[in-house]
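We count residues from 1, following the sequence as given. Just so you know, these numbers use all the heavy atoms, side chains as well, and skip hydrogens, waters and symmetry mates.
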Amino acid sequence: MTRAFLGFFALVFLPYGLYCLAQPGALEGIAGVAATTATGQTELRAMYGGLQAGVGALMRAGLVRSEWA
């Protein structure tokens with residue numbers, strides 16, 4: 001059950017985070033969140049991109065290394 005949880009969320013969070021990191025403007029259509037300044041885009045990249053990708057990478061690490069699960 002743990003491996004299924006980690007695998008599923010690694011597949012969801014990591015690609016979504018990388019996509020948001022590369023295309024923060026896409027969040028306007030997905031979540032209704034838009035940045036009006038460069039600082040806002042940086043914030044969207046950090047919170048929706050970096051954080052989500054980091055969570056996905058952590059889930060994948062737990063999947064690969066059983067002692068981290």
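- The two residues Ala10 and Pro15 make their nearest non-hydrogen contact at O-CD, 3.6 Å.
- A 4.5 Å side-chain heavy-atom check between Met59 and Phe5 finds at least one atom pair inside the cut-off.
- Across Ala35 and Gly40, no two heavy atoms sit closer than the pair CB-C, 3.4 Å.
- Between the CG atom in Leu6 and the CG atom in Leu11 there is a gap of 11.0 Å [rounded to 0.5 Å].
- To the nearest 0.5 Å, the span separating CZ on Arg60 from CZ on Arg65 amounts to 12.0 Å.
- Residues Gln41 and Pro24 share a closest heavy-atom pair of O-CB, 4.2 Å.
- With rounding to the nearest 0.5 Å, the separation of CG in Leu27 from OH in Tyr16 is 5.0 Å.
- Leu18 and Leu58 are members of different hydrophobic clusters when ILVMFWY side chains are connected at heavy-atom separations under 4.5 Å.
- Hydrophobic clustering (side-chain heavy atoms under 4.5 Å, transitive across Ile, Leu, Val, Met, Phe, Trp, Tyr) keeps Leu14 apart from Val12.
- In terms of modelled atom types and a separation under 3.5 Å, the side chain of Arg3 and the main chain of Leu63 share a donor-acceptor contact.
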- Going through the checks in order, is the side-chain contact (heavy atoms from CB on, under 4.5 Å) test met by Ile30 and Tyr48? CA-CA 11 Å; Ile30 296 170; Tyr48 286 91; over 6 Å; no

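- Nearest heavy atoms, Leu21 versus Gly50: CD1-N, 3.7 Å.
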